[in-house]
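What follows is a short report on a single structure.
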Amino acid sequence: MRITIVTLFPEFFDSPLACALMGKGREAGVVDFALVNPRDFTTDRHRTADDRPYGGGPGMVMLAEPLARALESIPQPGRMLLTSPRGRALDQDLARELAAEESVTVICGRYEGLDERLCELFPLEHVRVGEAVLNGGEAAALCLAEAVARLRPGFMGHADSGEEESFSRGLLEYPHYTRPEVFRGLPVPEALLSGDHARIARWRREQALAETLRRRPDLLEQADLGREDLETLRRLRREGPARPGRNLYLALVHAPVLNKFGEVTAVSLTNLDVHDIGRVSRTYGAAGLAVVTPLEDQQALLGKLLGHWTEGAGSRSNPDRAEALDRVAGLPDLDAAVAWVEAQAGTRPKVVATSARDEGSLTLPRVREWLRDEPVLLVLGTGHGLAPQILERADGVLRPLRPLGEYNHLPVRAAAAILLDRLLGDAG
Ligand SMILES: C[S@@+](CC[C@H](N)C(=O)[O-])C[C@H]1O[C@@H](n2cnc3c(N)ncnc32)[C@H](O)[C@@H]1O
């Protein structure tokens, strides 16, 4: 395979392409590199490859002409990849795709980047490494070259090495140990010393699942998982120290809320809301749901409904429903809901209000961070949404779901389900 790297600093690659596995891969003819310098395609005395940006501003921009001529000089460029923070992430799927090509070209940007018109003239695929800005594309090109070359047949000594690694089957890799058997008091896990290959394979699979669950649960959504894997994951989650929903409480508020005229009012309970939000909370492992209404007849109705399903005839005919509604409490106002959380969690929760009306700037990743260490009470409004006095006393108001949509009228049950999935879902 040939990898052509277009760079203003070809010397950057001297050592990394010469040593260790890459050096051997080149010697064995598994991978071959060509370095093309756009400066060699300049026509002025100073060999100028950059100029000031139109419109002003800091930094310089790589000139289009030398780069275009450099690209046109490559006999078989193959797929043309532009290193760019704006690009598709370099991941194992992309590495695998590129390893199937016979030639690829990687362009290293410098300064503020290239003249944008090159992207119209050449089929450049933007590729990024990480989520941070580098001085230039050279380090990114090296990452790409290594990730791709090592997947070529014959590059790695052991034929299985590439198959077993992190990401190869959608999971992170299991941990490794080598001699001595005990290092500074820490022994090698016993299963690895057993000599029992089936047991070692089971141990490794479980460790791969546990690592992925702990560090990159988002990968699990696409991983190739069998029934046994799912059982292991369930057990790991059950036994693990950080059940994700343990700090999340919900409050479904029926007063004070707004009516369709924008007036502050109280609305009636809805049987469906209580059942469905209770079930969603239970499914995602949230710690509890407070149904807030100051109206005594509504509280009595809620008491009757919960009693039927958690202790009465309903609990016997449908124990699942009893489990879902077990953690639902009827409370008169938000202060009582905050006190209810405090009594269970030991500290006052952060109160997070929700609104579909563009009144909030709090983001879900921030709430996920809070949830790691402290209780959070997520407050949902019925009617036409929470009244201003609730939003004002919250620690934060979440950005609406679908803020860019034209139509934004989710039922509160649907909003609760989406929020819980984004906060506690396996893909989070
Ligand atoms: C200093 S950066 C320019 C950053 C650019 N002004 C921006 O804010 O997106 C110079 C060059 O480094 C490369 N580069 C920087 N960070 C990168 C990353 N994370 N992944 C891939 N290439 C990167 C790109 O080729 C980029 O054109």
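Indexing begins at 1, ligand by ligand and atom by atom, following the structure's order.
For atom 4 (C) of ligand 1, the closest non-hydrogen atom on the protein side is Val133 CG1, 3.8 Å. Pro85 CD, 3.9 Å is the protein heavy atom nearest to atom 23 (C) of ligand 1. In terms of protein heavy atoms, atom 2 (S) of ligand 1 is closest to Leu134 O, 3.3 Å. Given atom 10 (C) of ligand 1, the protein heavy atom at minimum distance is Tyr111 O, 3.1 Å.
Here is the list of ligand 1 atoms found below 4.0 Å of a heavy atom in Ala140: 21 (C), 22 (N). For ligand 1 and Ala132, the ligand atoms under 4.0 Å from any heavy atom of the residue are 16 (N), 18 (C), 19 (N). Per-residue contacts place Gly137 under 4.0 angstrom from the following atoms of ligand 1 (heavy atoms of the residue considered): 12 (O), 13 (C), 25 (O). When each atom of ligand 1 is checked for a heavy atom of Gly113 under 4.0 Å away, the hits are 27 (O). Residue Arg128 has at least one heavy-atom neighbour below 4.0 Å for each of these atoms of ligand 1: 20 (N), 21 (C).
Using a cut-off of 4.0 Å between Lys/Arg side-chain N and Asp/Glu carboxylate O, Arg52 and Glu112 are scored as not salt-bridged. Arg88 and Glu125 are not joined by a salt bridge, as no carboxylate oxygen comes within less than 4.0 angstrom of a charged side-chain nitrogen.
Residue Val129 has at least one nitrogen or oxygen atom sitting less than 3.5 Å from a nitrogen or oxygen atom of ligand 1, judged on distance alone. Taking only nitrogen or oxygen atoms, main chain and side chain alike, Cys108 does not reach within less than 3.5 Å of ligand 1. In terms of polar-atom proximity, Glu112 is counted as a contact of ligand 1, with an N or O under 3.5 Å from an N or O of the ligand. Checked against a 3.5 angstrom limit, the closest N/O atoms of Ile107 and ligand 1 fall outside it. Between Thr83 and ligand 1, an N or O atom pair is found at a separation short of 3.5 Å.
Considering only heavy atoms from C-beta on, Pro375 comes within 4.5 Å of Thr347 through its side chain.
With a 6.0 Å radius and a threshold of 12 heavy atoms from other residues, nucleotides or ligands, Asp224 has its CG atom at or below the threshold. Counting heavy atoms of neighbouring residues, nucleotides and ligands inside a 6.0 Å radius, atom CD of Glu342 exceeds 12 of them.
Distance CD/Glu228 to CD/Glu206: 10.5 Å, rounded to 0.5 Å. Rounding to the nearest 0.5 angstrom, the gap separating the CZ atom in Phe12 from the CD1 atom in Ile5 is 10.0 Å. Expressed to the nearest 0.5 Å, how far NZ of Lys350 lies from CG of Leu248 amounts to 14.0 Å. Residue Leu67 holds its CG atom at 9.0 Å from CG of Leu124, rounded to the nearest 0.5 Å.
Considering every non-hydrogen atom in both Leu386 and Val379, the closest pair reads CD1-O, 3.5 Å.
Note on ligand 1: Val127 sits in its first shell, one or more heavy atoms being nearer than 4.0 Å.
Only the backbone of Ser84 comes within 4.0 Å of ligand 1, judged by heavy-atom distances.
Side chain of Asn259 to backbone of Glu263: a donor-acceptor contact under 3.5 angstrom is found.
Protein heavy atoms all stay at least 4.0 Å away from atom 8 (O) of ligand 1.
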